[in-house]
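Every value quoted in this text rests on a predicted model; they were computed, and no experiment measured them. For the single chain, residues carry numbers from 1 onward in sequence order. Just follow the structure's listing: the first ligand is 1, and inside any ligand the first atom is 1.
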Amino acid sequence: VQRRRFIAAGAAGAAALGVGLTPRRAWAAPEYVLKFGFNLAESHPITARSKEAAAKILQESNGRLEIRVFPNNQLGSDQDMFQQIRAGALDLFLNSGINVLSTMIPSASVYGLGFIFPDLPAVWRAMDGEVGAYVRTQIRKAGLVPLDKMWDNGFRHITTSTKPINTPKDLAGLKIRVPVGALWTSMFKDFRAAPTTINFNELYSALQTKIVDAQENSLANIVTAKLFEVQKYLSLTNHMWDGFFCIAQRASWEGLPADLRELANKHINNAALLERQDMAANVVTYLSQLKEKGLVVDQPATAPFREALVQAGFYKEWRAKYGEELWGLLEKSCGSLG
Ligand code: TK8
């Protein structure tokens with residue numbers, strides 16, 4: 001199974017990375033090659049950290065295991081990559097649990113519920129704790145292998161080309177792009193907006209051609225995907241936190257010899273921890289870059305937004321969807337969600 005997926009990469013790639021292989025090794029093709037795909041821009045911290053992990057894995061495996069990193073939707077949209085990993089054509093996929101993963105594993109979106117985390121320590125308490133463990137069990141049951149550490153995609157904020165968003169009323173009828181997961185559509189419908197699902201690789205042009213007037217994303221994505229070029233207003237709504245699961249294709253992951261699997265596991269999880277630090281450290285820089293680029297920035301009070309969701313029955317509805325066991329773990333970690 002494994003061998004069919006091998007790509008002829010090998011010597012040139014290893015030499016270019018300058019990883020100091022012995023001459024004999026430097027010219028041998030790697031025994032195992034895994035493709036690692038995601039939708040983020042080249043300049044996103046995730047791209048640098050995953051490439052750094054790949055270089056260490058190549059070096060410490062003495063050239064036996066090469067992880068080839070494909071950022072920026074090079075392998076297609078999120079839906080394409082999700083299809084590929086299920087079909088065995090992609091080995092590692094980094095994506096939000098709220099996004100396409102939740103179409104198959106509904107609990108994967110749970111951390112995206114509006115306003116449940118006040119800050120990053122609260123996020124990691126839940127996602128490195130029992131909430132994350134629950135979701136990873138469900139992912140495993142669906143036949144995929146989640147690595148332990150989630151990566152940070154940041155708290156999400158709303159941008160528009162038409163007006164600032166300061167109160168929930170400002171969202172009424174707003175044509176806003178959301179990613180594919182049902183939680184996103186549900187939440188923005190409950191805000192009385194008009195959400196449209198669009199894949200990340202089509203977002204820039206959808207904003208540019210005014211198919212939609214608004215979108216919501218992390219500061220990192222607004223900067224690195226250059227969304228500021230096609231948006232005017234940024235409202236720091238912090239309406240939800242988003243992160244990524246790194247998912248392995250089971251046959252390719254389990255087909256690795258145990259020592260190589262352990263090595264890849266260690267470096268990929270470690271890269272996630274480093275990327276979390278990058279994201280936290282970059283917030284201030286990203287924000288000032290966006291102001292410099294001319295975005296008009298507002299900081300609305302968030303309580304009325306949360307209240308609008310309560311009124312619309314949002315939490316009740318999703319509590320019923322996730323079930324009492326998961327809801328209990330969530331409240332144990334976050335406190336009562338009302
Ligand atoms: C990743 C995506 C993406 C996101 C988006 O799964 O599509 O807006 O921020 O990075 O969910």
Residue portion contacting ligand 1 (non-hydrogen atoms closer than 4.0 Å) for R156: side chain
Distance under 6.0 Å and angle within 45° of ring axis: R306 vs Y315: yes
Flag for Y286-T224: side-chain donor and acceptor within less than 3.5 Å: no
Sub-4.0 Å atoms of ligand 1 with respect to non-hydrogen atoms of N95: 1 (C), 6 (O)
Structural part of F38 in contact with ligand 1, heavy atom criterion under 4.0 angstrom: neither
Which of the ligand 1 atoms, numbered from 1, are nearer than 4.0 Å to a heavy atom of N153: 4 (C), 9 (O), 10 (O)
Protein heavy-atom partner closest to atom 2 (C) of ligand 1 - residue, atom, separation in Å: N39 ND2, 3.2 Å
Closest protein heavy atom (residue, atom, distance) for atom 7 (O) of ligand 1: R177 NH2, 2.9 Å
F117, F188, F191 screened by ring pair (Phe, Tyr, Trp, His ring centres under 6.0 Å) with H239, the one that passes: F188
I98, portion touching ligand 1 at heavy-atom distance under 4.0 Å: neither
Whether over 12 other heavy atoms sit under 6.0 Å from R192 CZ: no
Proximal atoms of ligand 1 relative to L40 (non-hydrogen, under 4.0 Å): 10 (O)
Whether F36 and F38 hold their rings parallel, tilted or perpendicular, with breakpoints at 30° and 60°: perpendicular
Option of least heavy-atom distance to atom 10 (O) of ligand 1 (set: N221, I222, L94): N221
Min N/O separation N99 to ligand 1 under 3.5 Å: yes
Numbered atoms and elements of ligand 1 in range of N217, under 4.0 angstrom, heavy atoms: 4 (C), 5 (C), 8 (O), 9 (O)
Qualifying residue, where the test is ring pair (Phe, Tyr, Trp, His ring centres under 6.0 Å) with W124 and the options are W241, W151, Y111: W241
Cluster link L309 to V110, ILVMFWY, side chain under 4.5 Å: yes
Lys/Arg cation over aromatic F82: R86, 6.0 Å, 45° cone: yes
Under-4.0 Å heavy-atom contact with ligand 1, by part of P179 that carries it: side chain
Ionic contact status for E275 with K149, cut-off 4.0 Å: no
Under 4.0 Å to a heavy atom of D242 - the qualifying atoms of ligand 1, by number: 11 (O)
